Amino acid sequence: MSILVKNVTKTFGNFTALDNVSLEVPDGSLLALLGPSGSGKTTLLRIIAGLEVADSGTVLHREEDITHQSARDRKVGFVFQHYALFRHMTVAQNIGYGLRVRQAPKAKIRARVEELLKLIRLEGLEARYPGQLSGGQRQRVALARALAAQPRVLLLDEPFGALDANVRRELRQWLRNLHNTLQMTSLFVTHDQEEALEVADRVVVMNEGRIEQVGTPNEVYHNPASPFVHHFLGNVNLFHCRVEEGMAYIGNTPVQLPAHVSRDAKTTRVYIRPHLFEIEKTPDGNKSLHGTIKHLNPAGPVVKLEVTSDWGDTINVEIPNERYRALQLQKGDEVYVRPKEMKFFSDDYSI
Ligand code: ATP
């Protein structure tokens, strides 16, 4: 285990930013701290970096207690959202800065800067100033600067937050590939679900100063541990159901209750992702939900439908273009949608 955070609590005045948080970061992993604004991601990252002091709890690095170590002694590389490059220094001087401060020999600095320029694919631009670079290039320089002194851990706080969508996408893939090459334990903060699911090999979903779930992108997306995670990771329909004799009723449509929902429950909540419906124009026994198309939007890789159900809830459905064309669907059509996959949560969860 590279980093172990144990029972960390942090308050600002009477506001609890982190509430008894524990986290294991395996050696060589690329971990995303994902959550809405104010959920405590940056505070956790800063405590791991040594830039913030926890009220209680400990931080270990490879079994060594670093809770009270200074940021400098922890040997972490840090990349912030805003490039924070030195404007009056060239690219090469920026990258070599940390080594110069440590009074490394000039030849060693030169060799390391050359190596890093190659890694960030900016060879030939070493004499430029930050003002002469694009946003994406500047962020790559910031990363090279963080890597120069060979940190034990790399921490990135919304590293692509200030970049436009296309550059962001390109840099995500680049960071993923870079991590595959370096295999350095890295944590990055993001509030962008797609970014976390695409780049990280482990995702930590945070909410109101607590960790809701830790898992691979596949686990957190397909097996969300709480309604919050379900909502936060992509669009989802939520239906409140009544429970009778082992069946849950979505409107008047009965569906089998899974074993983990108590037979004594009176109500439950079911979550269904929009793309996990089959759609027909004719009923399919009593397994489908019936409704009328209120709105449809065929512009995009999938066709998005808003269906007003018999019991008044809107059902958001996404279907492939071919299915839309085959059924020749139009606004006002009656349709039957059958859930292919559902997730149930008892009503004692709070979102
Ligand atoms: P964002 O995505 O907006 O950066 P975050 O999940 O990273 O959010 P934090 O920056 O960790 O959230 O902040 C968590 C909470 O703690 C927020 O409500 C914030 O206002 C509060 N907070 C953070 N730092 C301080 C501080 N120095 N003083 C007072 N409150 C703070």
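Ligands are counted one by one from 1 in listed order, and the atoms in each one are counted from 1 as well. Treat the numbers as computed from the prediction; the structure is a model and nothing was measured.
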### Query
Between Arg242 and Tyr249, is NZ or CZ placed under 6.0 angstrom from the six-membered ring centre and within 45° of the ring axis?
yes
Query raised in the report: Under 3.5 Å, is there a donor-acceptor pair between the Gln93 and Glu126 side chains?
Result: no
Is there a heavy atom in Pro36 that sits closer than 4.0 Å to ligand 1? yes
Under 3.5 Å donor-acceptor pairs involving side-chain atoms of residues 335-344, not counting sequence neighbours:
from, atom 1, to, atom 2, distance (Å)
Arg338, NE, Asp284, OD2, 3.1
Lys343, NZ, His222, O, 3.0

Residue, atom and distance of the protein heavy atom nearest atom 16 (O) of ligand 1 read Phe15 CE2, 3.4 Å
So the atoms of ligand 1 within less than 4.0 Å of a heavy atom of Ala17 turn out to be 16 (O)
Taking a cutoff of less than 4.0 Å between a non-hydrogen atom of the residue and any ligand atom, is Ser39 in contact with ligand 1? yes
Closest heavy-atom approach to atom 1 (P) of ligand 1 among Gly209, Gly13, Ser37 is made by Ser37
of all protein heavy atoms, closest to atom 13 (O) of ligand 1 is Thr43 OG1, 3.7 Å
Contact (N/O only, under 3.5 Å) between Thr42 and ligand 1: yes
Exercise. Any side-chain donor-acceptor pair under 3.5 Å between Thr216 and Asn218?
Worked result: no
Could you check whether Arg145 makes a cation-pi contact with Phe86, meaning its NZ or CZ is under 6.0 Å from the centre of the six-membered ring and within 45° of the ring axis? yes
Of all protein heavy atoms, the one nearest atom 27 (N) of ligand 1 is Phe12 CE2, 3.5 Å
Side chains of Asp201 and Ser29, donor plus acceptor under 3.5 Å
no
When distances are taken from atom 2 (O) of ligand 1, the protein heavy atom at minimum range is Lys41 NZ, 2.9 Å
State plainly whether the residues Glu115 and Lys118 are in salt-bridge range, i.e. N to O under 4.0 Å.
no
Handout entry: Heteroatom distance test (Gly40, ligand 1): nitrogen or oxygen, under 3.5 angstrom
Key = yes
Establish whether atom 20 (O) of ligand 1 and some protein heavy atom are separated by less than 4.0 angstrom. no
| task | Answer yes if the side chains of Glu306 and Thr314 hold a donor-acceptor pair under 3.5 Å, and no otherwise. | result | no
With only distance considered, is Gly38 within less than 3.5 Å of ligand 1 through an N or O on each side? yes
